[in-house]
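Report on the structure given below.
Every heavy atom of this structure was used, including side-chain atoms; hydrogens, water molecules and symmetry mates were not.
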Amino acid sequence: MTDNALLKQLEESTKDFSRHQAETLRSILQHQRGVRYLQRHLPDAGDHNLPIDATTFRRSVPLSCYDDYADYINQLADGDKCTSDDDHDPRHLLSVDPLVCFFYSSGTSSMKPKLIPYFDSTLSKGASHIAHQGSAAVLRKFFPPRPEVNKRLVFIYADSITTTKGGFKVMAASSFPLHSSSNPNRSLFMSLSSPMEVILGSNVEHQMYCHLLCGLRNSDSIDAIHVPYAIGLIKAMRVLESKWKQLCDDIEKGFLCSVINDVRMRDSVVEVLGGPQPDLSNRIRLIFEKKDWGGILNKLWPNVRYIRSVTTGSMKQYYSKLKYYAGEVPLVGGDYFASECCVAINLDIKQPPDLTRFVMLPTAAYFEFLPFDLAENNVVGEETVDVCGVEVGKMYEVVVTTYRGFYRYRLGDIVRVVGFYNSSPLLEFVMRAPKTSYEILTEGDLMAAMENFQLVLRNTMGMAIEIVEFTSSVDFGSSPKRLKIFIEVKDCDMILQDKLQESNLRKCCSDLEDSLGSIYKVQRNKGEISPLSLSVLKCGSFDRLLKLAIENGTPASQYKPPKIIRNPSIVDVLEENVIVTI
């Protein structure tokens with residue numbers, strides 16, 4: 001299908017959203033009506049002569065979250081047989097389609113990713129094909145291919161594959177095509193500047209170094225830079241800042257430094273280097289020696305036309321830093337695709353995060369909307385509305401029924417309906433939903449407060465202090481409970497002078513507390529929350545969290561630093577790296 005045909009099909013689907021949604025739900029239920037999960041709530045689901053309408057479905061099947069599927073998913077992963085009289089195939093617990101493997105969720109708040117079953121569903125493949133190919137068509141509309149400059153510097157990591165007790169592979173969704181030798185899209189990876197051996201490596205730091213090295217070797221041929229999430233490029237830039245001399249030496253000699261000890265990765269990168277490149281090395285070295293990192297990406301890769309990454313949600317905090325590195329090169333936004341299903345597509349990819357809007361895809365899944373009250377930091381009841389009931393300006397938690405075994409499943413994403421594209425809702429991604437009604441601030445509250453805190457910190461302390469990363473946790477062991485905020489700064493020695501200029505830092509901390517959200521302020525004024533605790537961490541503390549997450553199965557490409565930590569063991573790791581607490 002041509003790009004024009006794809007874009008036309010997407011356009012047409014948005015013109016009758018309600019009809020497509022009704023057909024999508026009918027298709028899912030007709031196909032999956034024999035699965036065990038649905039039969040628990042719809043006793044007549046197995047009778048193909050009895051149609052199930054949306055009203056009956058929503059009335060009979062309760063809203064669900066991951067915990068409602070955990071036992072079924074564990075049975076699937078273990079390969080356990082069902083114990084019912086009819087002894088159904090165990091893979092019919094959630095879907096009638098064959099189970100292929102499991103995908104990891106990002107797992108950033110708990111450090112233990114969820115397992116998302118991936119069934120071989122023809123219906124789902126058709127829906128996701130339109131979404132993914134449509135997204136690629138949108139990108140090519142803005143940036144038509146150039147045969148003479150056709151390489152992409154892509155920071156992706158296939159991650160290690162684990163195997164469940166039942167013999168099913170577990171991997172990141174983004175890794176699936178990389179590990180599938182029969183995948184028809186494998187030829188797409190021929191355009192990458194890095195060889196497959198780098199992508200399939202097992203050490204993220206070494207892979208990142210090699211991605212940069214291969215990208216620099218192909219500097220004149222790089223058309224675009226891709227990274228799944230903005231944090232991935234920020235981390236790559238930190239490696240570039242600290243390792244540029246070694247990178248230049250490796251290019252000059254045509255050989256890798258001894259630190260890279262993966263033989264297959266070394267050999268493949270040496271082949272890309274193609275022998276000593278002293279002229280290229282000198283050219284790149286001169287750029288670095290100027291120590292001007294503004295627009296560095298365009299200086300190093302003069303033909304790059306765009307940088308693509310997700311910069312909405314919790315990634316928004318990195319946008320200004322990416323703009324600094326990118327200079328005049330446009331930052332292109334990503335789509336709204338979840339681990340469970342595709343949700344919405346970004347048709348105007350050049351917009352900044354604040355103006356990024358996603359057009360919902362009516363054939364990707366069946367969608368419902370659970371009203372959310374920001375003032376209360378909670379959903380309003382258990383009654384959802386469909387597309388006919390959404391109101392512009394209101395916030396909702398997205399609920400999905402997918403082709404691959406999730407039914408009325410709460411995604412945990414809060415969105416705002418900002419309008420309609422034809423008849424399809426136009427969404428703004430707001431934040432991840434709170435886990436409980438007891439939470440005292442939102443991700444958005446924290447990010448806005450920290451953005452203000454950064455400015456106050458610089459103005460008050462008279463230093464160019466850069467906050468590398470931050471997170472928060474509520475200490476319910478304190479009486480009353482206490483909000484703890486942990487920050488890591490770029491230069492620990494600078495901020496530690498004169499015991500952190502303690503009085504100035506304490507004033508900044510007070511300003512930070514004053515700028516937190518309304519829920520926090522109300523409870524603080526009532527005396528229900530102790531004064532804020534601010535801890536400065538050792539440099540590299542958040543990198544340790546990344547390593548811990550990867551060790552626990554989180555895919556490196558999907559890792560997002562948690563903004564609200566609910567796992568005490570993660571808090572303990574940070575506490576071990578505290579330099580000073582105010």
Side-chain angles (χ1 to χ4, degrees), residues 20-54 56-103 105 114-131 164-171 173 176 180 182 338-342 361-368 399-411:
H20 284 296
Q21 279 283 273
E23 291 174 354
T24 297
L25 179 62
R26 183 164 56 250
S27 177
I28 292 171
L29 295 180
Q30 189 70 22
H31 186 66
Q32 304 283 28
R33 60 192 305 156
V35 304
R36 188 67 51 82
Y37 183 89
L38 283 178
Q39 288 181 343
R40 285 173 49 195
H41 307 293
L42 295 165
D44 297 325
D47 188 347
H48 288 258
N49 295 316
L50 292 176
I52 304 169
D53 59 81
T56 301
F57 172 69
R58 289 163 59 185
R59 182 179 63 243
S60 304
V61 179
L63 293 174
S64 61
C65 62
Y66 186 82
D67 290 344
D68 296 305
Y69 300 87
D71 287 344
Y72 286 144
I73 289 173
N74 289 336
Q75 286 183 58
L76 290 170
D78 292 344
D80 291 347
K81 294 293 182 181
C82 297
T83 57
S84 63
D85 294 336
D86 59 358
D87 195 28
H88 280 259
D89 188 311
R91 284 164 288 185
H92 289 186
L93 291 171
L94 296 175
S95 174
V96 300
D97 296 307
L99 178 62
V100 177
C101 63
F102 291 89
F103 293 151
S105 67
K114 302 169 185 174
L115 293 184
I116 307 297
Y118 178 76
F119 297 98
D120 188 9
S121 164
T122 301
L123 293 171
S124 181
K125 285 179 181 177
S128 59
H129 175 82
I130 292 298
T164 70
K165 181 181 175 182
F168 294 100
K169 293 180 178 180
V170 186
M171 66 189 79
F176 183 67
S180 177
S182 62
S339 300
E340 296 80 1
C341 67
C342 300
L361 298 167
T363 60
Y366 177 68
F367 299 105
E368 300 173 61
V399 177
V400 299
T401 295
T402 75
Y403 289 100
R404 288 198 170 110
F406 288 100
Y407 307 96
R408 305 200 74 208
Y409 180 81
R410 296 173 64 169
L411 273 185

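Under the salt bridge (Lys or Arg N to Asp or Glu O under 4.0 Å) criterion, R58 pairs with E368, D386, not counting sequence neighbours. In this view, D68 satisfies the salt bridge (Lys or Arg N to Asp or Glu O under 4.0 Å) rule with no residue, not counting sequence neighbours. When the side chain to side chain contact (heavy atoms under 4.5 Å, CB included) test is applied to T402, the partners found at least two apart in sequence or on another chain are C341, V400, R404, F406. Partners of H41 according to the side chain to side chain contact (heavy atoms under 4.5 Å, CB included) rule, which considers only residues two or more places apart in sequence or in another chain, are Y37, V61, P62. With sequence neighbours left out, Y366 forms a ring-ring contact (aromatic ring centres under 6.0 Å, His included) with no residue at all. With sequence neighbours left out, the ring-ring contact (aromatic ring centres under 6.0 Å, His included) criterion links Y118 to F103, F176.
Atom CD of Q21 sits about 12.0 Å away from atom CZ of R26, to the nearest 0.5 Å. Interatomic distance, CZ of R59 versus OG1 of T56, reported as 4.5 Å (0.5 Å rounding). Residue E340 holds its CD atom at 7.0 Å from NZ of K114, rounded to the nearest 0.5 Å. Atom CD of Q32 sits about 9.0 Å away from atom OG of S27, to the nearest 0.5 Å. Distance check, rounded to the nearest 0.5 Å: OG1 of T24 to CG of L29 gives 10.5 Å. Rounding to the nearest 0.5 angstrom, the gap separating the OG atom in S128 from the CG atom in L123 is 10.5 Å.
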* To do: Report the C-alpha separation of Y407 and L42 in whole Å, then their side-chain angles, then the decisive distance to 0.1 Å, and conclude whether the side-chain contact (heavy atoms from CB on, under 4.5 Å) test is met.
  => CA-CA 12 Å; Y407 307 96; L42 295 165; over 6 Å; no
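The backbone N or O of D78 sits nowhere less than 3.5 Å from a side-chain atom of T164 that would complete a donor-acceptor pair. Within the 3.5 Å criterion, the main-chain N or O of F57 finds no donor-acceptor partner in the side chain of S60.
At a threshold of 4.5 Å between non-hydrogen side-chain atoms, the residues Y66 and I73 count as touching. In this structure the side chain of L361 never reaches within 4.5 angstrom of the side chain of I130, judged on heavy atoms. Side-chain contact between L99 and L94 is absent, with no heavy atoms from C-beta onward closer than 4.5 Å. Annotation: side chain of S64 is in contact with side chain of Y69 (closest heavy-atom distance under 4.5 Å).
Here the shortest heavy-atom pairing between A338 and L411 reads CB-CD2, 4.2 Å. In plain terms, the two heavy atoms of D120 and D97 that are nearest each other are O-CB, 3.5 Å. When all heavy atoms of F367 and C342 are compared, the pair lying nearest together is CZ-O, 3.8 Å.
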